[in-house]
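Accompanying notes for the structure given below.
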Amino acid sequence: MSKGVTPRSKDYAKWYTDVVQKAELADYSPVKGCMVIRPYGYALWEQIRDFLDRRFKETGHVNAYFPMLIPESFLRKEAEHVEGFAPELAVVTHGGGKELEEPLVIRPTSETIIWSMYKKWINSYRDLPLLINQWANVVRWEMRTRLFLRTTEFLWQEGHTAHATGEEAEEEAHRMIDVYRQLCEEMLALPVHVGRKTENEKFAGAVNTYTIEAMMGDMRALQAGTSHYLGQNFAKAFDVKFQTEDNVMEYVYASSWGVSTRLVGAVIMAHGDDQGLILPPRIAPYQIIIVPIYKNPKDKEKVMGLVSTLEKAFKEHGIRYHTDGRETVSPGFKFNDWEMKGVPLRVEIGPKDADKNGLMRIRRDTGEKIFLAIDDFMNSCKETLEDIQQSIYNSRLAFREANTTDVATYNELKEVVEKGGFARTFWAGNSEMENRIQEETKATIRCILFEKTKESGPCVMTGKPSTEQVIFAKSY
RNA sequence: CGGGGCGUAGCGCAGCCCGGUUAGCGCGCCUGCUUUGGGAGCAGGAGGCCGGGAGUUCAAAUCUCCCCGCCCCGACCA
């Protein structure tokens with residue numbers, strides 16, 4: 001294996017796959033389009049999962065598990081839904097050596113199987129709201145795949161809720177997109193735009209789709225999570241009615257929402273540099289890597305004494321750390337290795353440091369390298385990790401703002417999108433215009449912003465006054 | 001599905017155009033010694049159905065045909 005990764009400036013796509021593989025996050029599987037998530041990459045997903053699972057439970061949700069195999073006919077019950085997913089279904093036609101009477105699809109998403117069950121479970125307004133989440137794998141037979149960002153099989157969570165009123169279901173959809181925003185901003189140090197999808201871009205079967213959109217290191221947009229208000233579409237398709245307090249039968253209202261292992265890709269692309277990954281401390285599997293340095297048994301004893309003091313303190317403070325005690329590779333190799341893996345703080349302890357009862361501390365995000373006495377280090381340690389978390393977020397926000405341009409005309413929009421970045425403008429156009437812009441510029445409306453910089457303005461295409469401010473960008 | 005690239009050791013590649021003894025190189029791996037504060041050095045060693053099949057030939061990694069697979073770029077999508 002060669003050293004280092006392809007520089008981002010030379011080939012961004014190559015840089016990305018280099019980092020994924022060299023940081024040992026994932027590897028290609030024997031099956032086209034699938035990937036193996038390696039322990040270090042899976043650890044990132046576990047951090048995301050743990051954060052979300054806690055938030056889901058805090059907001060009143062419970063976990064359940066529905067089967068992966070779904071009768072093919074279920075998919076056909078919701079017209080838009082089947083149209084949206086039919087081309088990318090994997091279908092099981094044989095089982096136990098015999099052809100099946102009805103083919104089974106491997107879930108591309110679980111609305112249909114879940115709503116077939118909700119029909120059994122929901123009878124009365126007393127059964128509502130029903131707030132269920134599941135952690136699962138899904139399969140979508142995509143034409144083109146990319147490690148983490150788009151794989152044939154991926155891991156995700158999908159929340160599926162049923163409510164007595166549309167307002168309540170809408171509120172739920174908003175609540176959950178906000179949980180995703182918190183995940184990105186607080187945990188992944190990733191600023192996102194929160195907004196609504198246009199008709200063109202919304203989920204197959206949804207009334208409204210809400211999204212969070214992030215800017216990657218190459219200035220392209222990445223949809224990091226979605227939350228849908230489904231109205232009564234699935235309730236009608238699966239005939240899920242409830243009896244109201246007034247003894248009236250009514251279809252229930254629904255929401256669904258999900259994020260996937262794609263978020264790991266977002267972290268890589270948003271923060272990484274030509275040395276490899278840069279992990280925000282809150283998601284980093286190891287927040288601190290300790291590299292002991294010694295030449296002889298005497299030095300080793302001295303150094304390791306200090307190391308175990310540190311380890312004990314890290315445990316007490318709940319800091320995730322790892323000591324790289326490999327004796328077969330040089331310190332220099334370890335420095336590069338852990339930089340590739342994006343560990344936020346590195347601590348080097350050699351005989352010289354041990355003599356002074358101190359250590360060298362190196363920040364992955366800034367490269368800052370300073371000597372600190374052990375006590376000073378321990379006293380500032382948590383604070384430093386927080387500072388790294390914050391400054392990574394700040395730098396991403398600054399990057400996004402520096403590469404966002406308000407545009408007033410279609411020509412300006414083209415220019416901005418061409419050179420890379422977000423174009424922000426008002427919009428009152430229709431679906432055909434959107435398609436035309438996509439054909440001509442490759443850019444799409446990423447979202448209609450919840451947080452506008454101005455109340456209203458003229459539409460970039462039609463000139464008509466509009467209150468809908470949007471972001472145009474090329475996306476993943 | 002369209003365009004491009006590639007299948008030779010665990011990984012990355014050379015050799016192929018112009019067929020010819022034992023198929024090379026770098027990294028990694030194993031053993032030993034010396035090393036260890038930014039990807040260590042030397043010595044020795046292990047490891048190949050040259051993607052698969054069929055053909056041409058005295059002889060195929062190399063030429064011909066067919067097949068399979070993967071990666072990258074587009075259309076589709078989280």
Side-chain angles (χ1 to χ4, degrees), chain A residues 1-6 11-14 16-18 21-22 27-35 83-89 108-109 137-158 180 197 200-204 209 211-214 221-228 256-266 275-276 291-297 299-300 303 324-340 346-355 359-360 362 367 369 371 435 438-439 442 444 446 474-476:
Chain A
M1 202 184 336
S2 62
K3 297 170 188 173
V5 294
T6 307
D11 184 343
Y12 194 83
K14 185 76 173 25
Y16 176 78
T17 48
D18 281 358
Q21 290 179 88
K22 292 194 176 176
D27 207 347
Y28 291 105
S29 87
V31 177
K32 178 188 164 82
C34 292
M35 70 168 175
E83 200 186 318
F85 284 106
E88 51 190 68
L89 292 180
T109 178
N137 56 341
V138 287
V139 167
R140 297 182 187 178
W141 218 265
E142 304 285 355
M143 292 283 103
R144 255 196 71 217
T145 56
R146 224 137 118 50
L147 294 168
F148 286 112
L149 297 178
R150 186 172 301 106
T151 45
T152 301
E153 177 188 2
F154 57 95
L155 303 183
W156 77 344
Q157 62 60 223
E158 46 182 330
Y180 293 157
K197 286 289 187 189
N200 277 24
E201 299 279 326
K202 74 175 195 193
F203 175 71
T209 289
T211 180
I212 47 172
E213 300 281 331
L222 183 86
Q223 179 176 305
T226 49
S227 179
H228 317 288
S256 72
W257 26 273
V259 296
S260 71
T261 35
R262 164 178 260 204
L263 281 173
V264 175
Q275 261 60 253
V291 180
I293 300 162
Y294 47 81
K295 298 194 218 307
N296 52 56
D299 283 351
K300 177 174 178 180
V303 165
D324 190 346
R326 288 179 288 179
E327 302 208 346
T328 50
V329 293
S330 68
F333 181 91
K334 294 177 186 177
F335 301 161
N336 286 289
D337 195 32
W338 292 108
E339 275 166 16
M340 180 65 70
R346 182 173 76 243
V347 165
E348 303 174 11
I349 305 175
K352 283 180 269 176
D353 308 299
D355 288 339
L359 50 76
M360 295 301 297
I362 299 91
K369 181 170 183 171
F371 176 84
N435 289 336
Q438 178 166 14
E439 270 165 43
K442 308 271 184 244
T444 50
R446 301 317 305 155
K474 289 187 205 168
S475 76
Y476 277 98

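Just so it is clear, the model here is predicted, and its values are computed rather than measured. By convention in this document, chain letters (A, B, ...) are assigned in the order of the sequence lines, proteins followed by strands, and residues within each chain are numbered from 1.
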- For A/F203, does its backbone N or O pair with a side-chain atom of A/T209 as donor and acceptor, under 3.5 Å? yes

- Side chains of A/H228 and A/K202 in contact at under 4.5 Å (non-hydrogen atoms): no

- Item | Close side-chain approach of A/I293 and A/M360, heavy atoms under 4.5 Å | no

When the side chains of residues 139-150 of chain A are checked against the rest of the protein, which donor-acceptor pairs come out under 3.5 Å, sequence neighbours left out?
| residue | atom | partner | partner atom | Å |
| --- | --- | --- | --- | --- |
| A/R140 | NE | A/P108 | O | 2.7 |
| A/R140 | NH2 | A/P108 | O | 2.8 |

- Item | Between B/G37 and B/G51 - P atom distance, rounded Å | 42 Å

- Query: Mapping A/T145 and A/V5 to their closest nucleotides on RNA chain B, which lands nearer the 5' end?
  - Reply: A/V5

- Would you mind telling me which of B/G74, B/C77, B/G39 lies closest to the side-chain atoms of A/K442? B/G74

- Report yes or no: does A/D18 contribute a side-chain atom to a donor-acceptor pair with the main-chain N or O of A/T6 at less than 3.5 Å? yes

- Query: What integer distance in Å separates A/K202:NZ from B/C77:C1'?
  - Reply: 17 Å

- Message: For the P atoms, the ones on B/U64 and on B/G19, what distance do you get once it is rounded to whole angstrom?
- Response: 11 Å

- Message: For A/V259, is there any backbone N or O sitting under 3.5 Å from a side-chain donor or acceptor partner on A/Q157?
- Response: yes

- Task: With heavy atoms under 4.0 Å as the rule, sort A/E339 into base, sugar-phosphate or nothing.
- Result: base

- Under the 3.5 angstrom rule, does the side chain of A/K334 hit a backbone N or O of A/D324 as a donor-acceptor pair? yes

- Determine the interatomic distance between C1' on B/G38 and the same-named atom on B/G2; round to the nearest Å. 47 Å

- Between B/A60 and B/U22, how far apart are the P atoms? Round to whole Å, please. 12 Å

- Would you mind classifying the nucleic acid contact of A/R346 as base, sugar-phosphate or nothing, using non-hydrogen atoms under 4.0 angstrom? base

- Task: Would you check if A/C34 and A/T151 make a side-chain contact, meaning some heavy-atom pair closer than 4.5 Å?
- Result: no

- Tell me what A/T151 touches on the nucleic acid: a base, only sugar-phosphate, or nothing, going by heavy atoms under 4.0 Å. base

- Query: Which whole number of Å gives the distance between the P atom of B/G53 and that of B/G47?
  - Reply: 23 Å

- Query: Looking for any heavy atom pair under 4.0 Å, which part of the strands does A/Q223 touch: base, sugar-phosphate only, or nothing?
  - Reply: sugar-phosphate

- Query: In whole angstroms, how far is the C1' atom of B/C71 from the CG atom of A/D18?
  - Reply: 12 Å

- A/L147 CG to B/C72 C1', in whole Å, measures 13 Å

- Query: What's the OH-P distance between A/Y12 and B/C72, to the nearest Å?
  - Reply: 15 Å

- Query: Would one find a side-chain N or O of A/Y28 under 4.0 angstrom from OP1 or OP2 of B/C11?
  - Reply: no

- Task: Provide the distance between the two P atoms, one in B/G24 and one in B/G45, to the nearest whole Å.
- Result: 14 Å

Between the protein and nucleotides 34-37 of chain B, are there any N/O to N/O pairs under 3.5 Å, and if so, what are the atom names and distances?
| residue | atom | partner | partner atom | Å |
| --- | --- | --- | --- | --- |
| B/G37 | O6 | A/G350 | N | 3.4 |
| B/G37 | O6 | A/G350 | O | 3.3 |
| B/G37 | O6 | A/P351 | N | 3.0 |
| B/G37 | O6 | A/K352 | N | 2.9 |
| B/G37 | O6 | A/D353 | OD2 | 3.3 |
| B/G37 | N1 | A/G350 | N | 3.4 |
| B/G37 | N1 | A/D353 | OD2 | 2.3 |
| B/G37 | N2 | A/D353 | OD2 | 3.1 |

- Item | Donor-acceptor contact below 3.5 Å, side chain A/K197 vs main chain A/R446 | yes

- Integer-rounded Å distance: B/C73 P and A/Y16 OH: 12 Å

- Message: Keeping A/Y294 on the side-chain end and A/I349 on the backbone end, is there a donor-acceptor pair under 3.5 Å?
- Response: no

- Just checking A/L149: base, sugar-phosphate only, or nothing, at a heavy-atom cut-off of under 4.0 Å? base

- Describe the nucleic acid contact of A/A224 in one word from base, sugar-phosphate, nothing, applying a heavy-atom distance below 4.0 Å. nothing

- Query: Of all the base pairs, Watson-Crick or G-U under 3.5 Å, which form stems of three or more consecutive pairs involving RNA chain B?
  - Reply: B:1-7 with B:68-74, B:10-13 with B:24-27, B:29-34 with B:40-45, B:51-55 with B:63-67

- Item | Closest to the A/T17 side chain, choosing from B/C72, B/C77, B/G39 | B/C72

- If you measure from the C1' atom in B/C70 to the same atom in B/C17, how many Å do you get, rounded? 25 Å

- Quick one: A/E201 CD to B/C76 P, roughly how many Å, whole number? 10 Å

- Separation of B/G41 P from A/F333 CZ (nearest whole Å): 13 Å

- Any donor-acceptor pair under 3.5 Å linking the side chain of A/N336 with the backbone of A/F333? no

- Atom P, compared across B/U57 and B/G7: separation rounded to whole Å: 28 Å

- In whole Å, what is the span from the CZ atom of A/R326 to the C1' atom of B/C29? 15 Å

- Message: Does B/G74 have OP1 or OP2 under 4.0 Å away from a side-chain N or O of A/R144?
- Response: yes

